[in-house]
Amino acid sequence: MQVNVFREDSNVKKWFDTGKLLLAPFLTVMLLVSCGGGSGDPSNFRVQLTDAATDLYQAIYVTIVEVQVIKKGCDEDADASCWESVLYPQKTVNLLELVNGVREDLGETALAAGDYGQMRLILGTEPDDSQNILGQDHPSPNYLIKNDTFDTIEELKVPSGLQTGIKIIHGFTIEPSGFTDLILDFDAGRSVVQAGKSGKWLLKPVIKVLETVTYAAVSGAVQDNGNTPIEGALISAQVYTASPADPWDEVAVAGGTVSDVLGSYTLHLEPGTYNIVATMAGYSPQCQVVEAIDSIDYTGEDFTLLPAATSGTLTATVTGDRVAVFSIRKKPFNCGSGEVTIEVASVTVSNESNGSGTSSDPVLLETGIYEVVVASEGAETYIFENIEVTVDMDTGVVYPPTP
């Protein structure tokens, strides 16, 4: 069984069009509910976190103070007591440490059997007393540390997250016997958005749900042509659809992670056929096809990345009061079973209406021809075709384009 909550990053435009907020890197929240006893008996309820990380930041910290659930059919607008607080983790967690199967335990409690309609994570106003990766006390409850020479810290604003929490609109049933085991995928890298002239950094989530009894595990290692492990390579599972009604849907990203210090990676995926794509700045992208079957571990899906002969950069700029997601794609590309389109990079840019525009950091790419597909709230998908990235030059795309 698969349930999409809000819509994953590969369907950002559809999710934009529903008027919902965007939360970007892949954070996975694992709900493990094991049940026993007679009808109506309480069952164990455990929540864990894991994340498919990004190389854009050194760390992304969030403080989760409470986990709440609501019984199906209860009208929260008419009855504030519908929401039941079940866990109180009071933890400040670095999402980027939770990769490749590493999980953070948020606690365990008894939960009555029955049908539940939603869950939400309440974020805190004060961090815990642990230290961050720089050996410092947390400066705020929700913040990021940039991957720059200054270890720049930026506080993360969470629209409505402190008041109403991050809602996960997905029904689940706690049976008096048996168990329910779910994984919720957050995209932590795409969930971070810089908001124009204000200089604010926003955390907005895109979440999907997997049932762990059916997902497959795909793992392997990434190295260079000298057999040296590559740390920080981006590994994503993509689904290609030829000639879709909406060009955005030509490439759907079903999951992603980064390789660790040994070059290793692990992806948890629903059953299906995927193009597994490996990218790293300064290297040529690589791709291979994996047919994933439920409950099976696929190992040895390795990549050897070759240094790019020449590289250039691409910068995405947004004007007007809007948020736009730029999917940078390579076509045609052969993953082993014919020519497809793959996504090699993605950036989310937000701009406020009192300036000339806001630009992304330059994205380092192998020189060549690319297609840039843009999704923005309330707008049709836009395609920049035949964008040429040349050596030692910065190529720019501005959305919306000048008429």
Side-chain angles (χ1 to χ4, degrees), residues 7 9-22 24 56 187 189-202 204 206 238 240-253 279 281 285 310-333 340-403:
R7 298 299 294 256
D9 62 293
S10 61
N11 295 306
V12 164
K13 180 179 181 295
K14 289 188 176 68
W15 178 83
F16 269 138
D17 291 343
T18 66
K20 296 183 174 63
L21 293 175
L22 169 68
L56 300 176
D187 183 342
R190 286 187 169 98
S191 299
V192 176
V193 178
Q194 186 176 13
K197 295 292 183 178
S198 71
K200 293 180 180 178
W201 291 75
L202 307 179
K204 304 179 178 181
V206 170
Q238 303 181 14
Y240 166 71
T241 300
S243 303
D246 186 337
W248 182 266
D249 297 329
E250 186 177 20
V251 179
V253 180
T279 62
T310 55
S311 297
T313 57
L314 185 146
T315 299
T317 300
V318 168
T319 61
D321 187 8
R322 58 175 53 85
V323 178
V325 181
F326 295 76
S327 174
I328 304 169
R329 300 175 177 181
K330 192 75 173 173
K331 61 185 303 185
F333 200 94
V340 299
T341 300
I342 63 170
E343 180 182 276
V344 297
S346 176
V347 293
T348 301
V349 186
S350 174
N351 184 66
E352 294 177 341
S353 58
N354 57 351
S356 59
T358 298
S359 302
S360 69
D361 290 332
V363 179
L364 183 65
L365 300 167
E366 182 180 31
T367 55
I369 304 298
Y370 294 86
E371 177 180 88
V372 180
V373 184
V374 185
S376 185
E377 182 177 4
E380 294 294 324
T381 299
Y382 188 85
I383 303 176
F384 293 93
E385 296 181 307
N386 299 319
I387 299 299
E388 184 176 6
V389 173
T390 56
V391 62
D392 298 329
M393 296 290 291
D394 185 50
T395 300
V397 293
V398 180
Y399 178 84
T402 302

Just distance, no hydrogens or angles: give the donor-acceptor pairs under 3.5 Å from side chains in residues 392-403, sequence neighbours left out.
from: D394; atom 1: OD1; to: T313; atom 2: OG1; distance (Å): 2.7
from: D394; atom 1: OD1; to: T315; atom 2: OG1; distance (Å): 3.0
from: D394; atom 1: OD2; to: T315; atom 2: OG1; distance (Å): 3.0
from: T395; atom 1: OG1; to: E388; atom 2: O; distance (Å): 3.0

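- In terms of modelled atom types and a separation under 3.5 Å, the side chain of K330 and the main chain of I369 share a donor-acceptor contact.
- Interatomic distance, CD1 of I328 versus CG of L314, reported as 5.0 Å (0.5 Å rounding).
- Residues A345 and V363 share a closest heavy-atom pair of CB-CG1, 3.9 Å.
- With sequence neighbours left out, F384 forms a ring pair (Phe, Tyr, Trp, His ring centres under 6.0 Å) with Y382.
- Remark: side-chain polar atoms of Q238 are paired, donor with acceptor, to backbone N or O of E343 under 3.5 angstrom.
- A search for side chain to side chain contact (heavy atoms under 4.5 Å, CB included) contacts involving T367 returns T310, V391, not counting sequence neighbours.
- Pairing each heavy atom of T341 with each of E250, the nearest pair is OG1-OE2, 3.1 Å.
- Considering every non-hydrogen atom in both A281 and L364, the closest pair reads CB-CD2, 3.8 Å.
- Counting all heavy atoms, side chain and backbone alike, F326 lies closest to V349 at CE1-CG2, 4.1 Å.
- Residues P247 and I383 come closest through the heavy atom pair CB-CD1, 3.4 Å.
- Looking only at side-chain heavy atoms (C-beta outward), V318 and V323 stay at 4.5 Å or farther from each other.
- Between S346 and V325, the closest side-chain pair of non-hydrogen atoms falls below 4.5 Å.
- Without hydrogens or angle criteria, S360 side chain to A316 main chain gives a donor-acceptor distance under 3.5 Å.
- The line from OH of Y370 to CG of N386 is 13.5 Å long, rounded to the nearest 0.5 Å.
- To the nearest 0.5 Å, the span separating CZ on F333 from CD1 on I342 amounts to 4.0 Å.
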